[in-house]
There are 2 protein chains.
Amino acid sequence: MEKTIIELEDTAKTLKLLGDKTRLTIIGLLKDSECCVCEFVEVLQMSQPSVSQHLRKLRDAGLVKEQRRGQWIFYSLNAQHETYPIIQQILEQIPDQKEKLRALEEAGLRIQCDL
Amino acid sequence: MEKTIIELEDTAKTLKLLGDKTRLTIIGLLKDSECCVCEFVEVLQMSQPSVSQHLRKLRDAGLVKEQRRGQWIFYSLNAQHETYPIIQQILEQIPDQKEKLRALEEAGLRIQCDL
DNA sequence: TCAGTGTATAAGTATATACTTATATTTGCA
DNA sequence: TGCAAATATAAGTATATACTTATACACTGA
C-alpha cells in the first residue's frame, strides 16, 4: 500500500469534520454513490439549510466535490484529497449506509438525473 | 482481519476526540510508549491543567487508561476499546512522534519508573 | 418573463470547547 | 509530621459550533 504521511494538523482537521454524526453519515452515504442535497435532507431528516452548512464545511475542507446538474447539485467524495486514505479506512469501520439509499429509492425519492 | 462494525455514533465520538491537534499528538505519543503527564506537558509545551483536561476527555471516553506509579500517573492506549482498530488505522497515517520522545530522553526529562 | 423547485447564504442564538488561574488531592521523602 | 512534587479539579472566559428562520440565488418549464 502506498503511504503518504500527512501533517498531523491536517489529519486532525479531517477527523474533526468527521467527528460529527451528521457529517460522518454524509460521508458514509457518499461511499456508495453521489447524492444531491435533497436526498441528504430526506435521509438525515434535517432542515435543508443545516444540511447545506454541513456540506459546505466538507467542501471547504476539500473532502467532497460538488457538481451542478440542472437544478440539482450532486456531491461526491474527493478521492484526490490528501486525507482520502484515512477516510477510506474510517468508512470500512462504520456500518454501511446503503440501506438508507435503498429505502429512499423505494420511496421514489431518489434523484435520477441524465444531464 | 477481524471486523467489528461499531455504531456510527460511537465512531463519531472517537473521531471528534481525535480531531484536535493536542489530543491527536497525545495518542501519537502513546503509540510508542506510555507517558506520564509531566512528559506530555514538556512535549506539548502546554500548561499542566490543560494537558490534564485533554487526558481526562480521552480517559472518560475510554480511549486511554491511567495507572498510578508512585507520584506519577502513566497513560497508555486502551487496546480494549471498541474503536481501537480505528485509532490504529489513524496512527498509521500520521507522522511518527517517536522523535519527540527521544528528544525528551536526551534532555534527561524522560521519566523512568521502576515501581 | 414569471412561478416553482433546489440550493446557498445570512443573521441570530444556545451550547460546547479549550484555554486560563486558583486550589485541592495524593504521594515521596526529610 | 510537614513540605515539595505530580496531578486533578473548579471556576471563569473567549471562541467555535450547530442549529433556527429568513432571504437570496440559480435553474426549469410554461
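In what follows, chains carry the letters A, B, and so on, assigned in the order in which the sequence lines appear, proteins first and then strands, with residues in each chain numbered from 1. Bear in mind the structure is a predicted one, so any value in this text is a computation, not a measurement.
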### From D:dC27, D:dA8, C:dC19, nucleotide with atom closest to A:Arg68 side chain
D:dC27
#### Entry: Gap between atoms CE and C1', on B:Met46 and C:dT21 respectively (whole Å)
15 Å
### Query
Any N or O donor-acceptor pair linking the side chain of A:Gln53 to the base of D:dT20 at under 3.5 Å?
yes
### Query
Which nucleotide, C:dA8, C:dT17, D:dA8, lies nearest any side-chain atom of B:Lys57?
C:dT17
### Task
Return yes when atom NZ of B:Lys31 has more than 12 non-hydrogen atoms of other residues, nucleotides or ligands closer than 6.0 Å, and no otherwise.
yes
### Task
For B:Asp20 and for A:Val51, locate the closest nucleotide of DNA chain C by heavy-atom distance; then report the residue assigned to the nucleotide nearer the 5' terminus.
A:Val51
### Query
Taking the side chain of B:Ile73 as heavy atoms from C-beta outward, which of C:dT9, D:dA8, C:dA18 is closest to it?
D:dA8
### Summary
B:Lys13 NZ to D:dT17 P, in whole Å, measures 20 Å
### Query
Which of these nucleotides, D:dT28, C:dC19, C:dA8, is closest to any side-chain atom of A:Ser52?
C:dA8
#### Entry: Name of the residue among A:Arg59, A:Lys65, A:Glu34, A:Glu39 meeting side chain to side chain contact (heavy atoms under 4.5 Å, CB included) with A:Tyr75
A:Arg59
### Length of the line joining B:Leu109:CG and D:dA6:P, which is rounded to integer Å
11 Å
### Query
Which distance, rounded to the nearest 0.5 Å, do you find between the CD of A:Gln53 and the NZ of A:Lys57?
8.5 Å
### Task
Using atom CD of A:Gln67 as one end and atom C1' of D:dA26 as the other, report the distance to the nearest whole Å.
16 Å
### Task
Would you tell me if any nitrogen or oxygen in the side chain of A:Arg59 comes within less than 4.0 Å of OP1 or OP2 on C:dT9?
yes
### Query
Would you say B:Ser50 reaches C:dA18's phosphate, i.e. side-chain N/O to OP1/OP2 under 4.0 Å?
no
### Summary
Looking only at D:dT21, D:dT7, C:dT21, the nucleotide nearest the B:Pro49 side chain is C:dT21
### Message
Tell me whether the side-chain N/O atoms of A:Arg56 come closer than 4.0 Å to OP1 or OP2 in C:dA8.
### Response
no
#### Entry: Close side-chain approach of B:Leu15 and B:Ile90, heavy atoms under 4.5 Å
yes
#### Entry: Spatial distance of atom NZ (A:Lys100) from atom CG (A:Leu44) [nearest 0.5 Å]
7.5 Å
### Task
Would you mind classifying the nucleic acid contact of A:Glu66 as base, sugar-phosphate or nothing, using non-hydrogen atoms under 4.0 angstrom?
sugar-phosphate
### Task
Send over the distance from B:Leu24 CG to C:dT17 P, rounded to a whole Å.
17 Å
### Task
Please tell me which of the listed nucleotides, D:dC19, C:dT7, D:dA8, lies nearest to the side chain of A:Thr22?
D:dC19
### Task
With the side chain of B:Lys16 defined as its heavy atoms from C-beta on, choose the nearest nucleotide among D:dA8, C:dC19, C:dT17.
C:dT17
### Task
Hey, could you give me the CG/CG distance between A:Leu63 and A:Leu77, rounded to the nearest 0.5 Å?
8.5 Å
### Task
Provide, to the nearest angstrom, the distance between the CD atom belonging to B:Gln48 and the P atom belonging to C:dA24.
15 Å
### Task
In whole angstrom, give the distance that lies between atom CD of B:Gln71 and atom P of D:dA8.
13 Å
### Message
Nearest to the side chain of A:His54, heavy atoms from C-beta on, is which of D:dA8, D:dA18, C:dG28?
### Response
D:dA18
### Query
Within this structure, what is the CZ-to-P distance between B:Arg23 and C:dT17, rounded to whole angstrom?
8 Å
### Task
Just compare D:dA8, D:dA5, C:dT9 and give me whichever is closest to any side-chain atom of B:Tyr75.
D:dA8
### Task
Between C:dT21, C:dT7, D:dT7, spot the one nearest the side chain of B:Cys36, thanks.
D:dT7
